[in-house]
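Chain A is the first sequence line, chain B the second, and so forth, proteins listed ahead of strands; every chain is numbered from 1. Heavy atoms only: backbone and side chains are in, while hydrogens, waters and symmetry mates are out.
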Amino acid sequence: MSTELPTTYSSKDTEAKWYKQWEDGKYFKPKKGKTNKSFCLIVPPPNVTGKLHAGHALDITTQDSLIRFKRMKGYETLFLPGLDHAGIATQSVVEKMVYDEEKKTRHDFSREEFVKKIWAWKEEYGNTILDQQRAMGASCDWDYLTFTLDPIPNQAVKRFFVELYNQKLIYQNDYIVNWDPALQSAVSDAEVEHKDVQGAFYHIKYQIKGSADTLEVATTRPETLFGDTAVAVNPEDERYKHFIGKTAIIPLCNREVPIIGDEHVDLEKGTGCLKVTPGHDFNDFEIGKRHNLPIINILNKDGTLNDQGMEFKGLSCKEARKRVAKKLEELELLIDTKNHMHPVGHGERSGVVIEPMISKQWFVNVKDMSKRAVEAVESDETKFFPKEWENTYFAWLRDPKDWCISRQLWWGHQIPVFYCDECGHQWASEHNETECSKCKSKKIHQDPDVLDTWFSSGLWPMSTLGWPNEQAMKEKRFETFFPNSVLITGFDIIFFWVARMMMMSLKSQNKVPFKEVYIHAIVRDKLGRKMSKSLGNGIDPFDMIEQYGTDAFRFALASGAGYNRGINLDPERIGGYRNFINKVWNAYRFIQPHLEGATTIKDLQKLDHHERWIISEFNTTAKLMNESLEIYRYDDASSAIYSFVYDKYCSWFIELSKNILNGDSKEVKAQRASVLKFVFKKMLALMHPITPFITEELWSHLKDKNEDLLIAQAYPEFDPALEFKDDQDQMNKFVEVVTGIRNLRASVNIKPKDEVNVELFTDNQDLIHYFRNNLVNFQELARVKDLKVGVKDLSRPSKSIMNITTHTEIFVPLEGVIDLKEQIARLEKELSKTEADYKKYEAKMNNENFMKNAPENVREEVKRNEAELREKICGLKENLSQFKS
RNA sequence: GGGCGUUUAGCUCAGCUGGGAGAGCGCUACCCUUACAAGGUAGAUGUCGGGGGUUCGAUCCCCUCAACGCCCACCA
């Protein structure tokens, strides 16, 4: 029977084919399973501007593997895809594009026109990442696909906003915010990156009014002195405390400001004398509040100085700093300049220096919400895997600052607050208002700002399932899938996203949004560096898929995903798993021609030792896989299936089957073929969640006509009826002895083709039988010609090389000359190794305290090992003396 | 400055409640053995970061030092 299968597996031919069949066959849609339980996992919506990167690939791998696992286990599964509008990121992409193409900025368009352009861009390019998720094998129900700006999420945002607004938990306030002059928007604390920058301390002389005295103030930002409304010293400071209450005169603008005492001022730092600029410094803003200081804004929205800056008006801060310093120097008010490295906030997205600035912003009071979010995790309503990440979560929620939710952008959910231009009334509404709810005037306008992207992301577990639209909730089966079963994401967004979903869901639904959170590692390059555009060290998932196939890529990611915080991904490792996938392919190529006579296995007891052994090994592997995947130990699951396929099925079971399949007995052949097939099919099922494509492909070759696709098969679980401990134990000993023989052959350079005679001695009667029954296998696996098996009191062959295990002595008699020296050296090495081992146990046995304190099972094990090693040493010594004589 | 974490074979990492140091990749030698050279067989490699302590016993627990990483805050 000839086979047409090529020797290497081609991922390209199979992947797209199976994805289409799954999707067309509606296998991704939730279906009631045997557990009658549901399982829902929502994809963290990637940015609509995004391209799939290695982190996303890990997201999809861990999520999809889990979903496929649960689906096969009989849960009604929903894997829900989505897209995030990603306010700033998307708007700036389109702004850049429009500028490149038309040399226009968004201000050259009306808001409506420009937003239309962004939508057009989204329709054209926004689906790229979804196709890439498909290529990764994501078994999402695409009918659920939700975009954060879709009507229902929009309704959700408004509903939630209005609720909080009416409870006075959303309020507007003058606030010092991180102002991004490039984006011309406030950005959140979390979007500000602090980088060390070389700057300087400028020591400036401030005159004290009605006195000849001066104060020496140190600042890194002399240009902000136009916004100073006080000078502060520490009230404990002996040098300055007598100035408190007096008035200082600010240079250049000659404003008179009070000298105040405030504990924030550090006696050691600078000169111990601080200029207070509440409009442009976070700490100064706090000081200002404490002392009721006026706030002066000296900057325009683009970060240049406004009218307050006098002759420096219109200059950037950086430029103004130089000129102000120069001017002060000319006036002899600049006493000193000292170089100083200090951290400066930069916009994470724009990269420019963030200016603290006062503006009117919307805030959410998160005090109560955060408390409940903390309690939900403390009480295990939501569990973190690995548990350590709770700390990160708590750290943020236990000391929350109110959340600034307004953004000065056009792309996003517009804040549903309306103002009456006639009576000044302000109200929030989830509807499109046309008249003032108070005076009925038609002259109203909506707040121009949009909401922080995380405001809509925070409602994601609810809004994707239809909330708050009752009709949609019914259709999308909110009751079944909310709360979600688990959230899988990276630790970098525990603050941004996880915490907010927890708060918002508890507030709105009085329920946690998901029962478990698995935090996976961050993918780095093989040197452990973050993948970044600037380093050019990013791994493009598509290159990997192209080069090695999706299954190999998924397997590599899964094998690195456990409770660790980083995966250093080296493409070479993916290559290694590509080889593994190919191994599976070739295992199938081997068994395929023999399967004709295969039937279902009726009586396990009638199987032979090796057949029971492989089934038992399989059973153990199934147990491990189930346990590991249940707790997100993808690494353990991968290594379990890897070693089963490689070390058990291929290296031993297939090798042990060759002589049977090439033999004469039809009956024995059929039985072996049946077991080969049975285990292979089960093995495909075990692997399927991690490597869906090749397993589905091979399944299609092996399945019975009435069997469904693999994706819909039951996941193998531990079955006590498939456990054969004795067979596993004897097989292990057999493997040891075969390896021992091979080892001996290698030690005297016997050619792989040449046959040898072997004599085995053991005191274990069962083993004697077992070995005798395995004559043909010794011949096949170790090129043994004649095999003698006997008890240890028989005499050993004289001219021979030997090896020894704890249960069996192995002799290979040799005709020609053996290098006695070499053999003695080898045995002596083995002896000293064994003796070193033995000493550890001997010491324990002689240690009274150990025998008194150690638990029973540990003592037993030590005794057993001690006895086994003692016997091995005995045998080694005996044979050594024979060699030497 | 505050917090969290890491340090185990050349590399990437496992190691469960303390009880004989593991895997994959890489490396070496020999093999084109009839599923697979993307293969087979055999093999080498560790002061488990340093020091101290608890214990009959420590890679694991405690203290301390060092290096590295991440997060938060921030000094005028």
**Q** Measure up the Y649(A) and F653(A) rings against each other and bin them: parallel (under 30°), tilted (30 to 60°), perpendicular (over 60°).
**A**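 Y649(A) vs F653(A) ring planes: tilted.
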**Q** Sticking with atom C1', work out how far C60(B) lies from U8(B), rounded to a whole angstrom.
**A** 12 Å
**Q** Taking D262(A) first and then R290(A), would you say they form a salt bridge - that is, a charged N and a carboxylate O separated by under 4.0 Å?
**A**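 Looking at D262(A) and R290(A), the cut-off is met.
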**Q** If the condition is ring pair (Phe, Tyr, Trp, His ring centres under 6.0 Å), which residues does F553(A) pass it with, not counting sequence neighbours?
**A**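 In terms of ring pair (Phe, Tyr, Trp, His ring centres under 6.0 Å), with neighbours along the sequence ignored, F553(A) is linked to no residue.
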**Q** Give one of base, sugar-phosphate or nothing for S639(A), where a contact means two heavy atoms less than 4.0 Å apart.
**A** nothing
**Q** Please report the distance, rounded to the nearest Å, between CD in E866(A) and C1' in G19(B).
**A** 16 Å
**Q** Check the distance between A14(B)'s P and E627(A)'s CD and give it to me in whole angstrom.
**A** 20 Å
**Q** What distance, rounded to whole Å, do you find between the two C1' atoms, one in C16(B) and one in G52(B)?
**A**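 Roughly 28 Å separates the two C1' atoms.
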**Q** Please give, in whole Å, the distance from C71(B) C1' to E390(A) CD?
**A**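 For the pair E390(A) CD and C71(B) C1', the rounded distance is 17 Å.
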**Q** Can you work out whether A218(A) or D837(A) has the more 5'-proximal nearest nucleotide on RNA chain B?
**A**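 Taking each residue's closest nucleotide, the earlier one in sequence belongs to D837(A).
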**Q** Rounded to whole angstrom, note down the P distance from A58(B) over to G19(B).
**A**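 About 11 Å, rounded to a whole number of Å.
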**Q** Are any of Y642(A)'s side-chain N or O atoms less than 4.0 Å away from OP1 or OP2 of C25(B)?
**A** yes
**Q** Can you name the residues that form a ring pair (Phe, Tyr, Trp, His ring centres under 6.0 Å) with F778(A), not counting sequence neighbours?
**A**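 Residues passing ring pair (Phe, Tyr, Trp, His ring centres under 6.0 Å) with F778(A): F734(A), F771(A).
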**Q** Taking the six-membered ring for Trp, are Y642(A) and F555(A) parallel (under 30°), tilted (30 to 60°) or perpendicular (over 60°)?
**A**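 Answer is tilted, since the angle falls between 30° and 60°.
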**Q** For RNA chain B, produce a single dot-bracket line, 5' to 3'. Pairs: Watson-Crick or G-U wobble, both distances under 3.5 Å. Symbols: ( ) within strand, [ ] crossing, | other strand, . unpaired.
**A** (((((((..((((.....[..)))).(((((.......))))).....(((((..]....))))))))))))....
**Q** Kindly write out the residues that satisfy salt bridge (charged side-chain N to carboxylate O under 4.0 Å, His left out) with E755(A), not counting sequence neighbours, or none if the list is empty.
**A** none
**Q** For N283(A), answer base if it contacts any base atom (sugar-phosphate contacts may also be present), sugar-phosphate if it contacts only those atoms, and nothing otherwise; contact means non-hydrogen atoms under 4.0 Å.
**A** sugar-phosphate
**Q** How would you list all residue pairs meeting side chain to side chain donor-acceptor pair (under 3.5 Å) that involve residues 856-865 of chain A, not counting sequence neighbours?
**A**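 Passing the test, one end in residues 856-865 of chain A: E856(A)-R859(A).
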**Q** Between C1' on C71(B) and CZ on F496(A), what's the gap in Å once rounded to a whole number?
**A** 11 Å
**Q** Contact class for D284(A) (heavy atom, under 4.0 Å): base, sugar-phosphate, or nothing?
**A** nothing
**Q** Quick one: R745(A) CZ to C30(B) C1', roughly how many Å, whole number?
**A**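 Rounding to the nearest Å, CZ of R745(A) and C1' of C30(B) are 12 Å apart.
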**Q** Under 3.5 Å between N/O atoms: give me all the protein pairs with nucleotides 53-59 of chain B, atom names plus distance.
**A**
{"residue": "C56(B)", "atom": "O2'", "partner": "N847(A)", "partner atom": "ND2", "Å": "2.6"}

**Q** Tell me what V265(A) touches on the nucleic acid: a base, only sugar-phosphate, or nothing, going by heavy atoms under 4.0 Å.
**A**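 The answer is base, as V265(A) lies within the cut-off (heavy atoms under 4.0 Å) of a base atom.
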**Q** Using a cut-off of 4.0 Å between protein heavy atoms and nucleotide atoms, how would you tag nucleotides 32-42 of chain B 5' to 3' with B, S and -?
**A** ---BB-BSSSS
**Q** Using atom CD1 of I574(A) as one end and atom P of C13(B) as the other, report the distance to the nearest whole Å.
**A** 14 Å
**Q** Rounding to the closest angstrom, what is the interatomic distance between C30(B) and A35(B) at atom P?
**A** 25 Å
**Q** Could you work out, with side-chain hydrogen bond (donor to acceptor under 3.5 Å, both in side chains) as the rule, every residue matching N743(A), not counting sequence neighbours?
**A** none
**Q** Without hydrogens or angle criteria, can the side chains of N777(A) and N659(A) be said to hold a donor-acceptor pair below 3.5 Å?
**A** yes
**Q** What contact category does R633(A) fall into here, base, sugar-phosphate, or nothing, at under 4.0 angstrom with non-hydrogen atoms?
**A**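 The residue R633(A) makes sugar-phosphate contact but no base contact.
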**Q** Within the structure shown, what part of the strands sits under 4.0 Å from G272(A) by heavy-atom distance: base, sugar-phosphate, or nothing?
**A** base
**Q** Can you tell which of C71(B), A14(B), G20(B) lies closest to the side chain of K840(A)?
**A**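 Among C71(B), A14(B), G20(B), the one nearest the side chain of K840(A) is G20(B).
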**Q** Does E866(A) have any salt bridge (charged side-chain N to carboxylate O under 4.0 Å, His left out) partners at least two apart in sequence or in another chain, and if so, which?
**A**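 Expected list: R870(A).
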**Q** Just jot down the salt bridge (charged side-chain N to carboxylate O under 4.0 Å, His left out) partners of E627(A), sequence neighbours excluded, or say none.
**A** K623(A)
**Q** Quick one: side-chain hydrogen bond (donor to acceptor under 3.5 Å, both in side chains) partners of E830(A), sequence neighbours excluded?
**A** K872(A)
**Q** Between F394(A) (CZ) and G5(B) (P), how many Å, whole number?
**A** 14 Å
**Q** Quick one: list whatever passes ring pair (Phe, Tyr, Trp, His ring centres under 6.0 Å) with F385(A), sequence neighbours left out.
**A** Y632(A)
**Q** For the pair made of CG in D635(A) and P in G24(B), what is the distance, rounded to whole Å?
**A**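 In whole Å, G24(B) P and D635(A) CG are 15 Å from each other.
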